[in-house]
Number of protein chains: 2
Amino acid sequence: MADHPESPETYGEIDPRVEALVHDLIAQVADKWTMIIIEVLHDHGEQRFTRIAEKVPGISQKMLTQTLRQMERNGLVKRTVHPVVPPKVEYRLTDLGESLGEAFCGVWTWAETHLGTVEAARKGFDEKVG
Amino acid sequence: MADHPESPETYGEIDPRVEALVHDLIAQVADKWTMIIIEVLHDHGEQRFTRIAEKVPGISQKMLTQTLRQMERNGLVKRTVHPVVPPKVEYRLTDLGESLGEAFCGVWTWAETHLGTVEAARKGFDEKVG
DNA sequence: CGAGATACTCACCAAAAAGAAAGTGTGAAG
DNA sequence: CTTCACACTTTCTTTTTGGTGAGTATCTCG
């Protein structure tokens with residue numbers, strides 16, 4: 001599973017660290033929940049846990065916590081705890097988070113633009129096969 | 001799981017069909033293997049099955065077939081079978097596939113640019129936690 | 001005193017995804 | 001007649017994911 005010394009160039013001159021990070025990030029951004037949370041936080045600004053949950057229908061507490069933690073670890077969101085009772089925790093996008101949202105716009109736009117093409121391709125493919 | 005009439009706007013005015021497709025596509029594009037295959041095909045042009053496999057270390061035959069099929073279904077690659085023996089099958093990116101690769105560049109670039117920032121954020125986070 | 005609010009965590013389980021390995025069809029080469 | 005190449009497919013096993021529901025800490029309100 002390590003390197004293949006016999007295949008000199010696997011692909012290009014890509015720094016494996018960048019590779020790994022891209023995979024990582026993309027896997028996360030691509031993640032259903034991360035994507036939506038970035039959008040919610042972008043559109044509505046700083047929000048607390050329960051508010052986010054309300055705006056992301058279908059998410060479980062577990063996944064919300066998990067996703068938010070992951071985003072925090074990657075520096076995409078800032079988590080602010082107010083030491084009051086009952087607890088109050090607020091989340092907001094960092095500059096990094098905002099910039100990722102923007103970078104991702106290209107893919108969103110692509111998807112919107114080519115919606116029809118992709119649907120047609122799928123239909124064509126499924127007809128030939130099915 | 002449908003709408004929340006009591007929360008008038010969950011997020012924006014997004015057509016749920018677009019939503020769904022975007023999630024779908026993004027999940028697929030974001031896929032580790034799809035990303036790499038797009039790159040390989042972009043850099044090296046049309047390639048046959050085994051050649052791709054060689055350039056994507058770690059992928060299993062199953063996943064390669066699966067990913068390629070999915071990409072074909074979405075119109076990202078063209079599959080050409082030459083009726084010879086032993087079999088010869090070639091894959092190449094369609095215009096749609098190329099355009100997706102380009103749209104994705106933004107994210108790649110983002111990742112390269114912010115590699116350091118993210119790594120630092122992770123380190124900081126892990127130190128506080130661990 | 002007991003309920004309620006908030007932001008979690010934890011344990012358990014089912015489903016889905018992925019890996020590993022062996023099998024398939026066909027014709028040419030040895 | 002056996003072997004090999006190629007592009008898969010199939011089966012089996014393992015790993016990863018995600019949902020559910022209960023539990024926790026703390027202070028306030030009725």
Side-chain angles (χ1 to χ4, degrees), chain A residues 1-2 4 6-7 20 23-24 26-37 40-41 46-73 77-92 125 128-130, chain B residues 1-2 6-7 23-37 40-41 44 46-73 77-92 125 128-130:
Chain A
M1 191 80 89
H4 285 209
E6 53 279 352
S7 62
H23 285 165
D24 247 51
I26 294 204
Q28 271 171 44
V29 171
D31 179 74
K32 193 179 169 182
W33 303 130
T34 305
M35 247 190 343
I36 301 183
I37 292 172
V40 166
L41 255 26
E46 193 165 39
Q47 297 279 308
R48 49 197 300 196
F49 189 85
T50 308
R51 298 299 135 256
I52 299 175
E54 285 168 5
K55 292 188 175 61
V56 183
I59 198 169
S60 64
Q61 279 194 332
K62 184 182 160 186
M63 287 313 292
L64 183 53
T65 312
Q66 206 172 99
T67 308
L68 248 14
R69 280 277 180 292
Q70 191 173 254
M71 291 172 77
E72 191 194 354
R73 184 169 113 95
V77 299
K78 176 82 198 319
R79 177 169 177 267
T80 311
V81 182
H82 303 273
V84 299
V85 64
K88 179 172 184 182
V89 181
E90 292 186 302
Y91 296 89
R92 95 182 130 73
F125 183 89
K128 273 180 207 155
V129 173
Chain B
M1 191 83 87
E6 53 279 352
S7 62
H23 284 164
D24 244 53
L25 284 173
I26 295 203
Q28 273 172 39
V29 171
D31 178 74
K32 190 180 171 183
W33 302 130
T34 304
M35 245 189 345
I36 301 183
I37 292 171
V40 166
L41 254 26
H44 301 285
E46 193 166 38
Q47 295 279 308
R48 50 199 299 196
F49 190 85
T50 308
R51 296 300 135 255
I52 300 175
E54 286 169 4
K55 292 188 177 61
V56 183
I59 198 171
S60 64
Q61 280 193 331
K62 182 182 157 185
M63 287 313 290
L64 182 53
T65 312
Q66 206 173 100
T67 307
L68 248 12
R69 280 278 179 293
Q70 190 173 253
M71 292 173 78
E72 190 195 354
R73 184 170 114 93
V77 300
K78 176 80 198 324
R79 178 170 176 265
T80 311
V81 182
H82 302 274
V84 297
V85 62
K88 179 172 183 181
V89 180
E90 292 187 302
Y91 296 89
R92 96 181 129 72
F125 183 90
K128 273 181 206 153
V129 172

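In this text the structure is predicted, and so the values were computed from the model without any measurement.
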d([atom1], [X]; [atom2], [N]) in whole Å:
{"X": "A/R51", "N": "C/dT6", "atom1": "CZ", "atom2": "C1'", "value": "10 Å"}
{"X": "A/I52", "N": "C/dT6", "atom1": "CD1", "atom2": "C1'", "value": "13 Å"}
{"X": "A/Q47", "N": "C/dT6", "atom1": "CD", "atom2": "P", "value": "14 Å"}

Rounded distance (nearest 0.5 Å) linking atom [atom1] of [X] with atom [atom2] of [Y]:
{"X": "B/M35", "Y": "B/W33", "atom1": "CE", "atom2": "CH2", "value": "10.0 Å"}
{"X": "A/K55", "Y": "A/Q47", "atom1": "NZ", "atom2": "CD", "value": "4.0 Å"}
{"X": "A/I36", "Y": "A/I59", "atom1": "CD1", "atom2": "CD1", "value": "7.5 Å"}

Could I get a table of every N or O pair under 3.5 Å where one atom is in the protein and the other is in nucleotides 12-19 of chain D?
from: D/dG18; atom 1: N7; to: A/K62; atom 2: NZ; distance (Å): 3.2
from: D/dG19; atom 1: OP2; to: A/S60; atom 2: OG; distance (Å): 3.1
from: D/dG19; atom 1: N7; to: A/K62; atom 2: NZ; distance (Å): 3.0
from: D/dG19; atom 1: O6; to: A/K62; atom 2: NZ; distance (Å): 2.4

Subject >> Residue list, side chain to side chain donor-acceptor pair (under 3.5 Å) with A/R48, at least two apart or on another chain >> reply: none

Original post:
For DNA chain C, what residues of residues 77-91 of chain B have any heavy atom nearer than 4.0 Å?
Top reply: B/V85, B/P87

**OP:** For A/F49 and for B/Q61, locate the closest nucleotide of DNA chain C by heavy-atom distance; then report the residue assigned to the nucleotide nearer the 5' terminus.
**Re:** A/F49

**OP:** Only pairs at least two apart or in different chains count here, so list each side chain to side chain donor-acceptor pair (under 3.5 Å) that has a residue in residues 78-90 of chain B.
**Re:** B/R79-B/Y91, B/H82-B/E90

Original post:
Counting just side-chain N and O atoms, does A/R48 come under 4.0 Å of either OP1 or OP2 of C/dA7?
Top reply: yes

Original post:
Does B/T65 have a side-chain nitrogen or oxygen under 4.0 Å from the phosphate oxygens OP1 or OP2 of D/dA7?
Top reply: no

Without placing hydrogens or testing angles, list every side-chain donor-acceptor pair under 3.5 Å for residues 62-73 of chain B, not counting sequence neighbours.
from: B/T65; atom 1: OG1; to: B/Q61; atom 2: O; distance (Å): 2.8
from: B/T67; atom 1: OG1; to: B/M63; atom 2: O; distance (Å): 2.6
from: B/R73; atom 1: NH1; to: A/D126; atom 2: OD1; distance (Å): 2.9
from: B/R73; atom 1: NH1; to: A/D126; atom 2: OD2; distance (Å): 2.5

Subject >> Between the first and last five pairs of the helix from C/dC1-D/dG30 to C/dG30-D/dC1, the angle of the axes, rounded to 10 degrees >> reply: 30°

Subject >> Smallest separation among heavy atoms of A/T34 and A/D31, with atom names >> reply: N-OD2, 3.1 Å

